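By convention here, the first residue in the shown sequence is residue 1. Source: prediction; values computed, not measured. Counting starts at 1 for both ligands and their atoms, in listed order.
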Amino acid sequence: MLNTNDTNFHYLTIIPLDFFPSYVKSIFFEAARGACKSAPGWMIVHCCDSCDEELNASELLDAEVRCTREQLNMTGPAWQPGDLDKLFADWVTDDQFKQYSPVVISSPDAKHGGVDGPWIITFDTFLTDYESDQIWEGGQLAGFDRSTDQGKSNEFGEQEQIISKTRTSSNAWCTDKCERQPGVQSATTKIESVTGIPRMNYESFQVLEYQPNQFYRMHHDSSSGKDESMAGHRILTFFLYLSDVEEGGETRFTKLGLDVKPRKGKALIWPSVLNDNPLKWDSRMYHEARDVIRGEKRAANHWIHMYDYETPNLWGCTGSFS
Ligand SMILES: O=C(O)CCC(=O)C(=O)O
Ligand SMILES: [Fe+2]
């Protein structure tokens, strides 16, 4: 994934190339050639000419041409109708998952416990302390910023980032050094193993920090508009609590009237789509992060998509390059 802190990219985009002597220019062109492979979407959108020969970049500048599943040779959907119910039912009945202490918060017809509603479960002992701490430290290595919302898309398929009023937490995207932390790797491997969905369908961990009085108001992790997007809906949220919170900071499912208390190592898991038609968004899954009253809340999202997320992200087809 492209590291936009890499100075090569800043030079390439900010300073006119004619400013440099020719031997320096050739170094830039070499850098550009490597980047046409390692970060094709970013190069097409920002330095189109330098990748014209290798990628036919000027033709691919149009997101409608560049961003189709056929063009990017993407894998098929992770779930068929019925798979969602089966996966959650397995998690709460199969002995192999007992080690994670599953608790049903809600299940269809309350058949597997909890209240009657869409599936929401926790694995109360999902992460080891080492894994929780490594994800948190990884977030610090990556650097926290005030959380943003996604704004409108421009013609190249990039979405603007807006400082959020409804979300006052800070977050860090766990790429590069953070992603290479052994505890981050083992947490993702564990999630792959329990979901059966490969990591190419996941966004990078988004690590979150809430101080007292910070919150994230009601929202949905997907939206009806994502039906047609390249990576499809975020079908599953794997939400990890990395700390206890002295008071407040519960995750509340606003339409269902259900609260979940943070606890270090606990995973809270819910789908954003329907069992009978997992290509469709489930409007019941609105939720919020209640204000932290005392203490600090540390947490992380792993959002899992219906289709491969890595490939369209690499090609600049998901609205951002993070
Ligand atoms: O912090 C929480 O409890 C929930 C956060 C959340 O919903 C999100 O980051 O999308
Ligand atoms: Fe959320």
For this session: Would you name the N/O/S atom of D221 that lies closest to the Fe ion (ligand 2)?
Result: OD1
Problem set entry | Nearest to the Fe ion (ligand 2) - the N/O/S atom of H287, by atom name | NE2
Verify the distance criterion only: is there a donor paired with an acceptor across the side chains of [X] and [Y] at less than 3.5 Å?
{"X": "T125", "Y": "S101", "answer": "yes"}
{"X": "S132", "Y": "Y241", "answer": "no"}
{"X": "T75", "Y": "D308", "answer": "no"}
{"X": "S107", "Y": "H112", "answer": "no"}
{"X": "S147", "Y": "S169", "answer": "yes"}

For this session: Using a cut-off of strictly less than 2.8 Å, determine whether H219 has an N/O/S atom near the Fe ion (ligand 2).
Result: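 An N, O or S atom of H219 is closer than 2.8 Å to the Fe ion (ligand 2), so yes.
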List below, pair by pair, the N or O atoms of ligand 1 and of the protein that are less than 3.5 Å apart, including the distance to 0.1 Å; reply 'none' if no pair qualifies.
unit_1: ligand 1; atom_1: 1 (O); unit_2: Y210; atom_2: OH; d: 2.7
unit_1: ligand 1; atom_1: 1 (O); unit_2: K297; atom_2: NZ; d: 2.8
unit_1: ligand 1; atom_1: 3 (O); unit_2: T251; atom_2: OG1; d: 2.5
unit_1: ligand 1; atom_1: 3 (O); unit_2: K297; atom_2: NZ; d: 2.7
unit_1: ligand 1; atom_1: 7 (O); unit_2: H219; atom_2: NE2; d: 3.1
unit_1: ligand 1; atom_1: 7 (O); unit_2: H287; atom_2: NE2; d: 3.0
unit_1: ligand 1; atom_1: 9 (O); unit_2: N301; atom_2: ND2; d: 2.8
unit_1: ligand 1; atom_1: 10 (O); unit_2: H219; atom_2: NE2; d: 3.0
unit_1: ligand 1; atom_1: 10 (O); unit_2: D221; atom_2: OD1; d: 3.2

Problem set entry | With D244, the salt bridge (Lys or Arg N to Asp or Glu O under 4.0 Å) member among R294, R263, R298, K266 |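 The option that passes is R263.
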Problem set entry | Among D221, T254, T237, side-chain hydrogen bond (donor to acceptor under 3.5 Å, both in side chains) partner for H287 | D221
